[in-house]
Amino acid sequence: MNDSRFGNSMAALSFALWGLLPLYYQFLPNATMDELLAFRLMASVPFAALMIIFTQRKRIDLKAIFADRASLSRAFIASALMCISWTAFTWAMTNDRVIDASLGFFISPLTMAALGVFVLKEQISAGKKVALVLATAGLSYQVMQYGQVPYIALTMAIFFTLYGWFKKKINYDWATCLFVEVLLLTPFALSYLIIKQATVGTVSLESGWQTLLLYIGSAPITLLPLIFYSMAIRLTSMSNVALMQYIEPSLQFVLAVFLFGEVFDEVKLVSFSLIWAGLLFIIIETLVKRRPLAKP
């Protein structure tokens with residue numbers, strides 16, 4: 001198997017694993033979000049360190065990491081942004097709102113395009129312009145019909161987009177960056193858990209070892225797909241990765257509707273259909289651009 005095909009396989013595997021995450025969180029119904037986030041940060045540190053050692057065959061150079069103050073500060077901000085997006089995602093996973101999480105991942109590429117247009121003043125293709133208009137129409141329809149903003153989906157998409165924006169400005173390699181992100185917030189997470197346990201008590205530490213292991217397990221199950229994803233982006237084109245990213249919300253949508261029995265009414269049907277139509281424009285446009293021109 002050549003590098004490109006292997007990269008495509010790794011991309012598909014990573015998004016499939018992310019798409020199946022709702023199955024894990026079904027074992028943590030109504031989980032305490034603050035404790036889940038704290039354990040996810042702390043438990044990620046050793047796993048992220050092992051990623052550096054085993055995937056890049058090098059030692060962790062803390063002196064070099066802390067010497068780059070600009071990257072360090074940006075990594076701190078990026079990690080905080082990711083925590084907000086991840087908390088919204090896990091809340092949806094553990095509160096029977098998987099469809100909302102799916103919507104967030106469907107519109108995430110569109111919020112990235114919107115950032116490029118309105119903040120970075122980038123020029124985007126006609127297909128992406130159509131997709132943005134249709135996505136806006138789909139979300140607006142849902143707001144008008146329900147009388148409320150899909151805040152979970154928008155929080156996930158917007159803060160994940162901002163996370164990616166700050167990540168682009170960090171000089172560390174992908175594995176080191178991930179390690180730094182969780183390392184910087186771990187002292188806050190540990191301090192918070194100690195204070196909470198000493199004052200009001202914690203659910204994770206007082207509900208048995210099975211529950212504690214599930215809280216700790218939230219770290220490796222989110223990092224494992226990231227390893228495959230990071231391998232993919234080095235071996236295959238970004239356009240291939242971009243097309244495969246829709247595997248994740250598609251799997252989550254199928255699980256939500258057909259396995260978890262979440263409500264998918266006519267309002268959501270219209271809203272999702274408009275967003276899917278916009279994504280279809282992007283996919284078709286990408287495939288057309290990749291097709292080689294016919295020889296005369």
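Throughout, residue positions are numbered sequentially from 1 according to the sequence presented.
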Exercise. How about L72 and L184: do any of their side-chain heavy atoms sit closer than 4.5 Å?
Worked result: yes
Exercise. Going by heavy atoms in the side chains, are V98 and M93 under 4.5 Å from each other?
Worked result: yes
Exercise. Counting N and O atoms only, with roles assigned by atom type, does the side chain of Q145 sit under 3.5 Å from a partner on the main chain of V267, one being a donor and the other an acceptor?
Worked result: no
Exercise. Would I284 and F281 show up in the same hydrophobic cluster when neighbours are defined by side-chain heavy atoms closer than 4.5 Å?
Worked result: no
Exercise. Under 3.5 Å, side chain of Q197 to main-chain N/O of T202, donor-acceptor pair present?
Worked result: yes
Problem set entry | Residue pair Y215 / V203: nearest heavy atoms and the distance that separates them | OH-CG1, 4.3 Å
Exercise. What distance separates W209 CH2 from T211 OG1, expressed to the nearest 0.5 Å?
Worked result: 10.0 Å
For this session: Locate the shortest heavy-atom distance separating L17 from P225; write the atom from each residue and the value.
Result: CB-CG, 3.8 Å
Exercise. Are V270 and V257 co-members of a hydrophobic cluster defined by side-chain heavy atoms under 4.5 Å apart?
Worked result: no
Exercise. Do side-chain atoms of T94 reach the backbone of T90 as a donor and acceptor pair under 3.5 angstrom?
Worked result: yes
Exercise. Taking the six-membered ring of W165 as reference, does the NZ or CZ atom of K168 fall below 6.0 Å from its centre and within a 45° cone about the axis?
Worked result: no
Exercise. How far apart are the C-alpha atoms of F47 and M51, what are their side-chain angles, what is the distance that settles it, and do they pass the side-chain contact (heavy atoms from CB on, under 4.5 Å) test?
Worked result: CA-CA 6 Å; F47 286 105; M51 277 198 296; 6.0 Å; no
Exercise. Would you say the side chain of S207 lies within less than 4.5 Å of the side chain of L212, judging by non-hydrogen atoms?
Worked result: no
Problem set entry | Where at least one partner belongs to residues 121-154, residue pairs that pass ring-ring contact (aromatic ring centres under 6.0 Å, His included), sequence neighbours excluded | none
Going by atom type alone, with no hydrogens or angles, which donor-acceptor pairs under 3.5 Å involve a side-chain atom of residues 100-108 and a protein atom two or more places apart or on another chain?
| residue | atom | partner | partner atom | Å |
| --- | --- | --- | --- | --- |
| D100 | OD2 | R97 | NE | 2.6 |
| D100 | OD2 | R97 | NH2 | 2.7 |
| S102 | OG | P249 | O | 2.9 |

Problem set entry | Spatial distance of atom CH2 (W86) from atom OG (S79) [nearest 0.5 Å] | 11.5 Å
Exercise. Is F188 reachable from L190 through a run of hydrophobic residues whose side-chain heavy atoms are each under 4.5 Å from the next?
Worked result: yes
Exercise. What pair of heavy atoms forms the shortest contact from G19 to Q252, and how long is it?
Worked result: O-CG, 3.3 Å
For this session: Mind running side-chain contact (heavy atoms from CB on, under 4.5 Å) on Y25 and S218 for me, showing each step along the way?
Result: CA-CA 9 Å; Y25 287 108; S218 63; 3.9 Å; yes
Exercise. Between A75 and E181, which heavy-atom pair has the shortest distance, and what is it?
Worked result: O-CG, 3.8 Å
Exercise. Counting only heavy atoms not in F27, do more than 12 fall under 6.0 Å of its CZ?
Worked result: no
Seminar exercise, completed: When every non-hydrogen atom of A137 is compared with those of L274, the smallest separation belongs to C-CD1, 3.9 Å
Problem set entry | Side chain to side chain, D265 and K268, heavy atoms closer than 4.5 Å | yes
Problem set entry | Flag if over 12 foreign heavy atoms under 6.0 Å of CD, E266 | no
Problem set entry | A80 to L185 - nearest heavy-atom pair and separation | N-CD1, 4.0 Å
Exercise. About how many Å separate CG of L213 and OG of S204, when rounded to the nearest 0.5 Å?
Worked result: 11.5 Å
Exercise. Can you check whether E35 reaches K196 side chain to side chain, under 4.5 Å on heavy atoms?
Worked result: yes
Exercise. Under the 3.5 angstrom rule, does the side chain of S85 hit a backbone N or O of M156 as a donor-acceptor pair?
Worked result: yes
Exercise. Any donor and acceptor pair, going by atom type alone, linking the side chain of S14 with main-chain N or O of A11 inside 3.5 Å?
Worked result: yes
Exercise. Taking a hydrophobic cluster as the set of Ile, Leu, Val, Met, Phe, Trp and Tyr residues connected by side-chain heavy atoms closer than 4.5 Å, whether directly or through intermediates, do L13 and I221 fall within one such cluster?
Worked result: yes
Problem set entry | L255 vs L20, side-chain contact (heavy atoms from CB on, under 4.5 Å): CA-CA, chis, key distance, verdict | CA-CA 8 Å; L255 289 174; L20 294 173; 4.3 Å; yes
Seminar exercise, completed: CG (L162) and CD1 (I84) are apart, to the nearest 0.5 Å, by 9.0 Å
Exercise. Is the gap between the ring centers of F89 and F160 under 6.0 Å?
Worked result: no
Exercise. Roughly how far, to the nearest 0.5 Å, is the CZ atom of F272 from the CD1 atom of I275?
Worked result: 6.5 Å
Please list every donor-acceptor pair under 3.5 Å in which a side-chain atom of residues 39-46 meets a protein atom from a residue at least two apart or in another chain.
| residue | atom | partner | partner atom | Å |
| --- | --- | --- | --- | --- |
| S44 | OG | R40 | O | 2.5 |

Exercise. Would L223 and Y172 show up in the same hydrophobic cluster when neighbours are defined by side-chain heavy atoms closer than 4.5 Å?
Worked result: yes
For this session: Side-chain contact test, heavy atoms from C-beta onward, threshold under 4.5 Å: evaluate it for V180 versus I170 and give yes or no.
Result: no
Seminar exercise, completed: Interatomic distance, CG@D61 vs CD1@I65, rounded to 0.5 Å, equals 7.0 Å
Exercise. More than 12 foreign heavy atoms under 6.0 Å from OH of Y24: is that the case here?
Worked result: yes
For this session: Using a 4.5 Å cut-off on heavy atoms from C-beta on, say whether the side chain of L205 contacts that of L193.
Result: no
Exercise. Do K129 and L132 touch side chain to side chain, with heavy atoms closer than 4.5 Å?
Worked result: no
For this session: Please report the C-alpha distance between L23 and F260 in whole Å, then the side-chain angles of each, then the deciding distance to 0.1 Å, and finally whether the side-chain contact (heavy atoms from CB on, under 4.5 Å) criterion is met.
Result: CA-CA 10 Å; L23 295 174; F260 304 144; 4.1 Å; yes
